[in-house]
Amino acid sequence: MLEVQNLSMRFGGLLAVDQVSLDVQEHEIVSIIGPNGAGKTTVFNCISGFYKPTGGKILFEGNEVQGKPDYKISRLGMVRTFQHVRLFGQMTVVENLLVAQHRHLNTNLISGLIKTPDYRERERKSLDRAAYWLDRVGLLELANREAGNLAYGQQRRLEIARCMVTEPKLLMLDEPAAGLNPAETKDLNQLIVSLKEDYNVSVLLIEHDMSLVMDISDRITVINQGRPLAAGTPDEVRQNDDVIKAYLGEA
Amino acid sequence: MAANNFRHALFCAIITLIISYPIIGFNLEAQGISVTLTGADTSTVVLVLLAAVVVFLFQLFRDQIMGGLKSIPSPMPKTQKEPMAENKRAKIESWVLTGIVVLALFWPFFVSRGAVDLATLVLIYVMLALGLNVVVGLAGLLDLGYVAFYAVGAYTFALLSQYAGISFWMALPIGACLAALFGLVLGFPVLRLRGDYLAIVTLGFGEIIRILLNNWTAVTGGPNGIGGIPDPTLFGMEFGRRVREEGNTSFHETFGIAYSGEHKVIFLYLIALVLAVITALIIRRFMRMPVGRAWEALREDEIAARSLGLSRTAVKLSAFTIGAFFAGFAGTVFASKQGFISPESFVFLESAIILAIVVLGGMGSQLGVVLAAVAVTILPELAREFSDYRMLVFGAAMVLMMVWRPQGLMPMRRIHIELRRQE
């Protein structure tokens, strides 16, 4: 469903991403790994429209999307999380999820002002959807707390829930396990697999936690210094000499 | 620490001297065509020195003094801050608000004309502050040129009535919509700007409008302003002693009561009250609608908002447009109340005062903004004798507020949303 062909991103004299290609099929978890500064997040930013790539093509469901504005890409069904959690800190947990559903609520101002039955119905539905996802990630009890006051692990889960209420086709997670303890990482592991199995969402993942990556990924792409180093199943990647030298280290 | 404190206190005292002595301690006296500089009399000099000593002592014992102030119980005891049951609180709040509005409806019939006039001005400021609250408090866009939209509303009514003979009720929506249009137009160039840069551009826009009004003499009358703006009518009834327009009747004749100048003042007050309540209700709805949440989301984290499919353009423009719309409302009422407007009424200071109201009240909080509007408008009127020191007191009040309640009089409260349990 997502196909990235020869993606390049140049910042002045720095070639941050050089001819990277990868693809995500439906019902698949694909991981991008690589050392710090390898350009993983830059790839993400290009795909999600925050950067305009200087070269290459990005196809989503067969349509070229490179250079489209970020909010349009997100509306196509590609939603991302961030390396550093980005919540709407002063809004409550449930409001965070309601913001994400504005598209489902996209009635005009007047019908909202006079509360037409149609508007009420939509609002009720989005509240139900929010409640469902809060329950799913175990935050229902905290629904009316300010999002900025949640514990870090809870914020991470809220960010994923906030993506899921938009009903995406492809979920892009940028280091979702960063800062989590082992138990939380295990929960996250199960959550991501369940998103794929139960909600039929494809996942593109950037992660440093190798046990998580090797465990849940269907395929892995390795990037080093902006260039693709290897790609394949977890086993293939684990045995690849270049990858071991550049990233995994010789054990 | 002590030595450090002493040095700091000394420094502050010297600064006080440097600032205040030349300003207060010297007088410029005109003698014929030449101006001579004379020193002030000894008592003034003594006062300046005394002020420096006070500053010195305050800075020296600052920790103790501030500590003492902290131990004074705050006006809102902590126990009250424990959240009541949310729906109970909301109910009480809405009852109190309804009570205030009903009281405000009957109040003008029992007080003096001057008080009603002042109250009308307060209500105009309430409208302005509620509108600006959308832009600054909710959407987080620092707008220093808000008075421009106010001017657009006022001048629209003034010009339309002068050139096309349009009445208040026709001009009200036109003025508001035109102001909204200006908001939209201003919104486009500043889409990419945030914070300081946005403030500068909006400041410039406010000045452009004012200078345009000042210099386009052929249409706006320039600094002479526009006079003879008609009063609003009640179903075709005029409030003047004699009817100005053919076909209209006058209010006092229709009801067979003696003419009184107060009728008009009270009527204007009631119009302003109704409009202010409508403004508050509409914005209150907006805050709970997707568009209101989108404003806040953009304020909180623009990148996250965009990643969720919110269009920055649409959200920002809607905030600017809706904020400007209500400024246009207020402007029309203002023009009608004054009967005469000139660019003098729309200087930067007005923008600053409206912004101060929003900040004092607590960004995003409606009740707080209303309270602050009342305080900021009425206090200077009460302290007319000290009018020379108005700005000084105003500034001092702001500083004290920022020290004690940086989040404003009544910080914004989030609404509690009931979720249905999943079966």
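Proteins get letters first, then strands, A, B, ... in listed order; numbering begins at 1 in each. All heavy atoms count here, side chains included; hydrogens, waters and symmetry mates do not.
Using a 4.5 Å cut-off between heavy atoms, D70(A) contacts chain B through both its backbone and its side chain. If you measure heavy-atom distances from S48(A) to chain B, you find no contacts under 4.5 Å at all. Within the 4.5 angstrom heavy-atom criterion, only backbone atoms of R288(B) (N, CA, C, O) approach chain A. Residue contact with chain A, scored on non-hydrogen atoms closer than 4.5 Å, is absent for L281(B).
The number of heavy atoms from other shown groups lying within 6.0 Å of CZ (F325(B)) is above 12. In this structure, R312(B) places its CZ atom where more than 12 heavy-atom neighbours from other residues, nucleotides or ligands lie under 6.0 Å away. Atom OH of Y197(B) sits in a sparse spot, with 12 or fewer heavy atoms from other residues, nucleotides or ligands closer than 6.0 Å.
In this structure the side chain of F88(A) reaches within 4.5 angstrom of the side chain of L308(B), judged on heavy atoms. Residues L87(A) and D301(B) fail the side-chain proximity criterion, which asks for heavy atoms closer than 4.5 Å. Contact annotation: the side chain of E123(A) never approaches that of M289(B) to less than 4.5 Å [non-hydrogen atoms, C-beta and beyond]. Side-chain contact between Y71(A) and S307(B) is absent, with no heavy-atom pair separated by less than 4.5 Å.
Closest non-hydrogen pair, R293(B) versus M91(A), comes out as O-CE, 3.6 Å. A pairwise comparison of heavy atoms in G309(B) and S74(A) identifies N-OG, 3.0 Å as the closest pair. For the pair A304(B) and R162(A), the tightest heavy-atom approach, listed with the atom from each and the gap, is CB-NH2, 3.7 Å.
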- Item | Pair R75(A)-S311(B), side chain to side chain contact (heavy atoms under 4.5 Å, CB included): steps then yes or no | CA-CA 10 Å; R75(A) 288 177 186 184; S311(B) 150; 4.0 Å; yes

- Pair E300(B)-R86(A), side chain to side chain contact (heavy atoms under 4.5 Å, CB included): steps then yes or no: CA-CA 9 Å; E300(B) 291 293 303; R86(A) 283 182 174 272; over 6 Å; no

